[in-house]
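Take a look at the structure set out below.
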Amino acid sequence: MSAVELIIDAHAELGEGAIWEGATQTLYWVDISAGQVHSYHPETGAQRSYAVGQMVGTVVSRAAGGLLLAVEQGIAGLNLDTGAITPLWEFTPPQPRIRFNDGKCDPVGRFWAGTMALDDRPGAGSLYRFDPDGRVHSMVSDVGVSNGIAWSLDNTTLYYIDTPTQAVAAFDYALATGAISGRRNVISIDKATGSPDGMTIDAEGMLWIAHWGGSRVTRWNPTDGSLLQTIHLPVARVTSCWFGGPNLDELYITTASTGLSAEERAAQPHAGGLFRYKGAAKGLAAATAQL
């Protein structure tokens with residue numbers, strides 16, 4: 001498995017939020033616009049979809065059981081047996097037409113998720129931190145489209161993508177408190193290669209970035225900002241990536257079909273599909289939300 005392969009020809013409107021749950025060997029991902037959470041068990045080929053009833057930006061495993069979701073109107077739990085959605089925190093946006101987008105858990109189970117405007121207006125989004133004790137903190141403001149987030153192997157740096165900046169920002173990160181400081185850009189993305197979207201980190205501390213509009217996933221060294229590898233896909237709108245499989249060496253990649261013209265859809269018949277790539281790199285186990 002050295003080339004990209006199509007795993008599910010899902011034709012998702014806006015596939016996103018891929019994450020691997022090691023305990024059950026299951027990949028979870030979302031279709032934001034359709035308000036769907038999807039599961040895929042590679043060993044059996046079993047698939048299941050859950051209707052959320054509103055847009056859903058991302059998904060993580062939850063220590064209390066089931067999944068934790070960032071939805072349009074806040075944070076919610078998903079019961080995997082019944083499909084029931086339980087609201088946990090209601091979002092009162094500072095401006096109209098704001099929704100949650102991408103997010104992940106930090107190494108101790110705090111849930112980080114960000115927002116964006118439905119009309120993509122600049123600076124309307126924020127990045128929030130949800131602590132296990134129920135407290136909510138606004139961590140970054142004046143965000144365009146809050147997207148990928150990852151933590152360094154030594155837990156001292158948080159990496160973050162605000163898509164319109166065409167960059168990966170790094171913050172000093174305090175594991176004990178979740179505080180961040182010292183923002184600086186460590187990777188710059190050429191607009192000609194698309195815009196940075198979802199992101200994950202591998203076991204060597206290198207960052208993998210999905211390129212919206214760029215038909216690719218790239219691997220970068222955040223220490224010196226160098227591009228190490230490019231994986232090309234047969235679709236333009238590449239949205240997220242995460243390592244899964246028994247050895248965490250299979251990179252699952254979500255894509256989108258939204259906004260494509262009839263001609264573009266004809267040229268990209270698998271837009272919105274779930275893809276997989278296996279190379280030499282291995283990923284890390286995903287942290288579980290303690291909320």
Side-chain angles (χ1 to χ4, degrees), residues 1-5 7 17-23 25 27-29 42 58 60-61 102-110 112 147-161 163 166-175 178 180 182-190 193-212 214-233 238-254 274-288:
M1 192 198 307
S2 58
V4 170
E5 59 175 330
I7 300 300
I19 196 160
W20 180 260
E21 185 178 74
Q25 294 290 288
L27 182 84
Y28 292 101
W29 58 289
T58 195
V60 294
S61 297
D102 207 353
K104 289 294 183 288
C105 287
D106 72 11
V108 295
R110 305 180 190 97
W112 297 64
N147 255 313
I149 189 166
W151 289 264
S152 63
L153 302 187
D154 63 3
N155 297 327
T156 64
T157 305
L158 179 149
Y159 299 109
Y160 176 60
I161 291 174
T163 293
Q166 292 292 135
V168 177
F171 295 83
D172 297 324
Y173 165 73
L175 180 65
I180 57 175
R183 181 173 184 163
R184 65 273 184 194
N185 286 345
V186 293
I187 294 170
S188 296
I189 306 293
D190 186 341
T193 66
S195 297
D197 200 322
M199 174 172 62
T200 191
I201 193 166
D202 67 26
E204 296 179 356
M206 304 298 108
L207 296 174
W208 295 72
I209 300 171
H211 289 232
W212 175 271
S215 303
R216 70 193 68 195
V217 171
T218 51
R219 184 181 189 234
W220 299 79
N221 185 335
T223 301
D224 60 14
S226 61
L227 173 63
L228 304 175
Q229 184 177 356
T230 299
I231 300 167
H232 294 281
L233 285 95
V238 186
T239 55
S240 78
C241 54
W242 194 270
F243 286 95
N247 300 312
L248 294 177
D249 59 353
E250 301 171 9
L251 187 71
Y252 286 89
I253 305 165
T254 60
L274 176 68
F275 293 83
R276 183 169 61 190
Y277 169 83
K278 185 173 182 179
K282 294 186 176 183
L284 303 173
T288 299

Is there a side-chain contact between [X] and [Y] (heavy atoms, below 4.5 Å)?
X	Y	result
V60	K104	yes
L158	I149	yes
T200	D202	no
L251	I231	yes
L27	I7	no
L153	L284	yes

Any luck finding a side-chain donor-acceptor pair between Q166 and S195 under 3.5 Å?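 Yes, because at least one side-chain N or O of Q166 sits under 3.5 Å from a partner of the opposite role on S195.
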
side-chain hydrogen bond (donor to acceptor under 3.5 Å, both in side chains) evaluation trace for S240 with T254: CA-CA 5 Å; S240 78; T254 60; 2.6 Å; yes

Would R216 and V238 count as a side chain to side chain contact (heavy atoms under 4.5 Å, CB included) here? Give the steps. CA-CA 7 Å; R216 70 193 68 195; V238 186; 5.9 Å; no

With side chain to side chain contact (heavy atoms under 4.5 Å, CB included) as the test, would you mind laying out the steps for W112 and W151 before giving the verdict? CA-CA 11 Å; W112 297 64; W151 289 264; 3.6 Å; yes

[X] [atom1] to [Y] [atom2] distance, which is reported to the nearest 0.5 Å:
X	Y	atom1	atom2	value
L227	M206	CG	CE	12.5 Å
I189	D197	CD1	CG	11.5 Å
N147	D102	CG	CG	5.0 Å
Q229	W220	CD	CH2	12.5 Å
C105	I19	SG	CD1	6.5 Å
I180	Y160	CD1	OH	9.0 Å

Please, which pairs that meet salt bridge (Lys or Arg N to Asp or Glu O under 4.0 Å) have at least one residue in residues 240-249, sequence neighbours excluded?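 Non-adjacent pairs meeting salt bridge (Lys or Arg N to Asp or Glu O under 4.0 Å): D249-K278.
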
Before you tell me yes or no, could you show the steps for D106 and Y173 under side chain to side chain contact (heavy atoms under 4.5 Å, CB included), namely the whole-Å CA-CA distance, both residues' side-chain angles and the distance that decides it to 0.1 Å? CA-CA 10 Å; D106 72 11; Y173 165 73; 3.1 Å; yes

Which heavy atom of [X] sits nearest to which heavy atom of [Y], and what is that distance?
X	Y	answer
S226	D224	OG-OD1, 2.7 Å
R276	P42	NH1-CB, 4.2 Å
A167	P196	N-CG, 4.0 Å
S61	T288	O-CG2, 3.5 Å
T193	H211	O-ND1, 2.9 Å
N155	P107	OD1-CG, 3.1 Å

Sequence neighbours excluded, which residues qualify as side chain to side chain donor-acceptor pair (under 3.5 Å) partners of T157? none

Test item: R184 side-chain N/O and G182 main-chain N/O as donor-acceptor pair under 3.5 Å: yes

Flag the pair F243 / W208 as yes when their ring centroid distance falls below 6.0 Å, and as no otherwise. yes

Go through it in stages, so that I can follow the logic: the residues are T163 and W212, the test is side chain to side chain contact (heavy atoms under 4.5 Å, CB included), and I'd like the CA-CA distance, side-chain angles, deciding distance and then a yes or no. CA-CA 9 Å; T163 293; W212 175 271; 5.8 Å; no

